[in-house]
Structures are given as structure tokens and as C-alpha cells.
Amino acid sequence: MTVDGMVLPQGGGPVAPSEQALAALHPLDHSAVRLSAAGRLGQWQRRTLDATIPHVLDRVESGEARSNLARLVEASDRPFVGMVFTDSDVYKTLEAVAWAAASFEPGDERMKRAEQLLSLAASAQEPDGYLNSWVQGTPDVARWSTPQWGHELYTAGHLFQAAVAAQRAGVLPGLLDVAERFADLLVRSFGSGQSPYIDGHPQVETALVELYRATGVEAYLALAGRQIDARGHHWLGEDKFGSSYFQDAVPLRDATQATGHAVRQLYLLTGAVDVAVETRDDELLAATVRLWDELSATKSYVTGAYGSRHRDEALGDPYELPADRAYAETCAAIAAFQLAWRLLLATGESRFADAMETGLYNSIAASTSVSGTEFFYSNPLHLRTGHDGAHEDAPTQRLPWFSCACCPPNLARFLASVNDYLVTRTSAGIQVHQPTACEVDLAFAAGRVKLTLVTDFPYDEVVRIDVESDVDDVWELALRIPAWCKNFTVNVDGAVLTIEAADGYARVRRSWSGRHAVSLTLELPVRRIKAHPRVDALRGCLAIARGPLIYALEEADLPPGIVLEDVRLLDVIGARRPTDEAVAPVLIDVVASTERLDGTGLYSDVSATQKTATLHTTLERTGLGLSEPFEVALIPYHRWANRTPGAMRVWLPTASAFHSTH
Ligand SMILES: [Zn+2]
């Protein structure tokens, strides 16, 4: 089976590199992977379609996002309301509906509502293609006069991505025309031979490349490349946070540190990978991998979140990863996932799929309530008892909407297309990166292949894969073995295979003609994770995980009268299935204690006795005053804040005695 013999995707997903692109792996059609309602990702996508998308439509229609566009069409003198980029909420919603449309019946209400929003945007577009309700409706703001904060290209980028989704899904006719009219104006204004213009918020780069992939218009790709290379020369100016906030201090090709606003940096890298693979620019691709390495080694939270600083939503310094002061914006986790997917396609390296798994099941999953209609903007790893943070988008509970509403519609469009990020193909065969219950249908010139995955992963360790194929050739089924998994087995038709996974994939190359039963077992022991010692805020703490799921201790599970911050971890008992799955399908029981805290002041001198105690474990056990041990259950981090509001923490301080022995 060779790539030449394959039928190329007709209706790709969010990322569909051209045939000329640098690529180790190829994505599938949007319709190739159908998530099963019995699986965890299938349930999540279903909830997104049934609850999140209608909720986002409600908010967009009834709020400023719609009214800011409507006032242009109605020639109303109502003022513009809200953030300058409210149009992007409309476009992300259109994109979500487009990806979801594959499971709609004809006449679906969600599609009708999306068509009305599209009609409004199309009516608001200027004859020359310009479209931005803030600039068009604000007489004292000229086009392209506010590059630092105007978000004109950022909103255009979300329009383009929505249009690509509509084209590939075969819905929302007219949206691609609106997008191309605007993109053509950008080419005339800022393309080759014109003065460069860059936006304070990257996003248009990746969107222009995808619009090129969808239309074949090479000027869009060239403009995207221009945007990447024009950045890093202080063109945007300093303003209050400095050039590095905008990633405008150092050209991306020369950068050794990921800097500034987390979402901006991650979207810029995403666009840079797209440009690099389409222009076969190895130097640019290497720069993105270098910055990814720096990010993952020194600036990523254990939950797959990015960005510790609230003040400027920035990544922070290397190892500046405090659990309680994690900003960890939902959009940054989504952007990191999108970046990792592009790097996975470009390189085929399993570590990118590992990172996607971590972000998906922890940071991204935690951002949405079990109802699908409330969201976190900020995703801290420790919410202190009595936390006060509502003023900085870090409340104790998820909210239905935000004054800066970037995250909820971003979640909607991402989850509506999450099936596109799980499986790839190459000339050698098929790669399963993220196991979940689903059906995978692939048509090759040599015949069809159907995979049926049955699993409750990440809660269960067994993944059953039925392979049905009428392809006679030998081909390879590659199954990712996550880096956290130290023991796995692969069984085909009842026989256990002796197999290595040196590069992160268990590869089974054989004839799959007919029907075959594959069983992959990924052992899920409870893991104890410690942080790099330079992460000062986490010294003496452990995080507990099982498979890809990071666990957390929530106030709701503590015995009465115990303050979360006083709890010390003594030991881990193990995982168990609770009777009430509503809390979580799998809990981890630990033994904990509270540790007596000396003194009434915030700081006090260490006495000679206490100094000695820290050196002698035997003394600590009697001398530091641990309370009676008690058992308590940890829940998956992503399930927190779905019960009584209260404190939560991922990183658990270990009791001094336990700490000295682990
Ligand atoms: Zn956001």
C-alpha cells in the first residue's frame, strides 16, 4: 500500500496540508473518524453539539457579538459594545457549527441560526472586502490604524478558518466568498510590494495558510509567510508590556525563548509550522520545534496548560509555574494542542501526540462543566480556601460567559472537530495516536479499511480494535504507546506479540486482509509526579496521575473541619471505581494527614529543635505533629468544581516523613 494508491482526502479537517507539504503523517477526512457515543471523547463531542453550541449561539445572538454587526446593517447609531474582536466570537461559532454539521439532520436549527449570522456578516462587508464591526462602526478609528490592540487581522483569521470549515464540510454557502473577498483585500494591501503590516495578536498566519490549502490561491500563503518574517523587528512598538509581549522583539527564526502573551505566542508558532511545511522551509520548522522544546521543558504546566502571569496573560519566565497563580487560559491549552498536531504531522514524533493527550484530558477538559454550558477562562492547579479572583478571570466556579468571550466558542469549534486529531495515515499504513471508542473508515485505491475501536480509555487500560480490510497488501498498524506507559501488550487474533515501541509506537506490519481482532493494553498504574526543583513553588509536592489523567484533591472530599492547605500526602492506596460515576469513573484513594503549623505570624525563626527534626525522620514522626491519618479520594482534575464550590489542589505537599523516603 503506497500513498500514491490512496484516495486523497476530499473534505479535510481543520488542518489539511497540500500534497507538496513537508509531512511525516497525513490527516484524514473530517468524516473518516466517527466517535462512538459510548466513548469518552464521543460523549464530550456529543455534549458540545447538544449543549455547548446552542449555548454559544444563544450568547452570540443575544449579546454584543451579533449586535455589533447588526448595527452596521441597520445603520443604527447604537455604540459599539465590548471587546474590539467580538466578530471573532461569531466566526468561531460558525466554525463550530460547520464541523458539527456532519451529524445534523436536514433543517437543523443550529445550522439555520448559523446561516442567519453568516447573512449578517456578509451584509456588513464593505464593497472592497473589508469586514470588522469595530472599525466600521467607530468613526474616529481608521482601518489598520491600531495594529497593537485592534485585532483586525486576528478577527479576519477566525473568519478564514470558519470559511475553510464551511467549505470542507460542504455547508454555509457564501462564507468562503466573504472570506476570500477580505483575504484578497489583505493581499492587495499588505502583500508583496506593499508596506508590511502585522497584527498585535497572531492568528491570521495559520488561517491564511489553511485558506490557501482550501482554495489554492498562492498569494494567501505568501502573505502568511510575510506576516511571520515581518514580526520580530519592533514594528509594533513597546506599549505597556513591551515588544516581547507581541513576539515582536526577536524574529521567530532566531528566537530561543517563547515569550509574552501565551495565546499569541502559540498561535504564531502554529502559523509558522503551517508556512514552514507548505514552503518546505526547514529552518523555520526547526525554529518552531526549538521553541516547542523550550516551552515544554520550562513553561508547561503538568496539566498541559500554558501561561502563569495574570497581568499580561503571559508565559512567564522558565520554571515560573506556581500552581495557585497559574493563569493557564483555556485558549492557550487549545492553541498548544493545535500547535502540537501540526508538529506531529510534520515530524511524526510521538512526543507531540503525548502533549496533545495531556492537554486534552486535563487542561482543556477541565475548562468546561459537565453540563457543557459553564467555562473556566483561567485554569489554576490550586484554588486556595477562600480564593478571591473573580476580578481577574479566575473565579471559583465556571461561568456561562465572559466579557472577553474568547474561550467558550473556541472550545465549541475545537470539540466539534476533535475527531480530526486522533488518527493519521502514511504510505506505510495507519497510525492511532489517541485511542477512544470510534469507527475509522478509510478508502484506498487497493480497497477499504475499517477500524472499530472499543474502549473506555483513559479510565480503562484495554483498547479493542477490530480491523476489517479488503486490501491484500501488507501494511502497518501503528499504535501510540504514551510516554507515561511503561508496560503494554499487543495481542492480534489471540496471540501476544513481542513488540518494542522505541519511537513511541507499537508497529504491527502484516496482511490485514479479512477480519482481525487487535487488543492493546496500556497499563495504568497510579503515578507520582515530582516537578523540576527549579519550580520553587512545587518543592516538596507530588502530583498524582493515572494514565494521562492528572488527579486533584477537592475540598468536597475532605473530612469536615480540615483545611485543604493543611493536608499532607502520606501514601497512595490505589485506584477504584466508585459507585457514583457522576463524581468520576475512577477515583484514587490516598492516605493523608494534616500537619501542625507552628506560630501565628506569617514568618518565624526556625528553632534549633525544628532544624534537627528536618534532618531526622524518626524525630519528625513524633516531633512535627502529624494528625491521625485519614483516607481521602482524589478526583480527575478535569472533574473539579462540578460539586459544592471550594478549594482544590493538584500538587499535594508530602508530609516530611513521607517526603524523605519517596
Ligand atoms: Zn480564551
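Both ligands and their constituent atoms are indexed starting at 1 by order of listing.
- A side-chain N or O of Asp274 and one of Thr206 form a donor-acceptor pair less than 3.5 Å apart.
- The backbone N or O of Glu152 sits less than 3.5 Å from a side-chain atom of Asp199, completing a donor-acceptor pair.
- A donor-acceptor contact closer than 3.5 angstrom is absent between the side chains of Gln203 and Tyr154.
- Of the listed residues (Asp58, Thr93, Asp108), just one forms a side chain to side chain donor-acceptor pair (under 3.5 Å) with Arg113, and that residue is Asp58.
- Under a 3.5 Å cut-off, the side chain of Arg398 and the backbone N or O of Ala641 do form a donor-acceptor pair.
- Here the protein contributes Glu329 OE2, Cys331 SG, Cys406 SG, Cys407 SG as N, O or S atoms under 2.8 Å from the Zn ion (ligand 1).
- Remark: Glu374 pairs with no residue by the salt bridge (Lys or Arg N to Asp or Glu O under 4.0 Å) rule, at least two apart or across chains.
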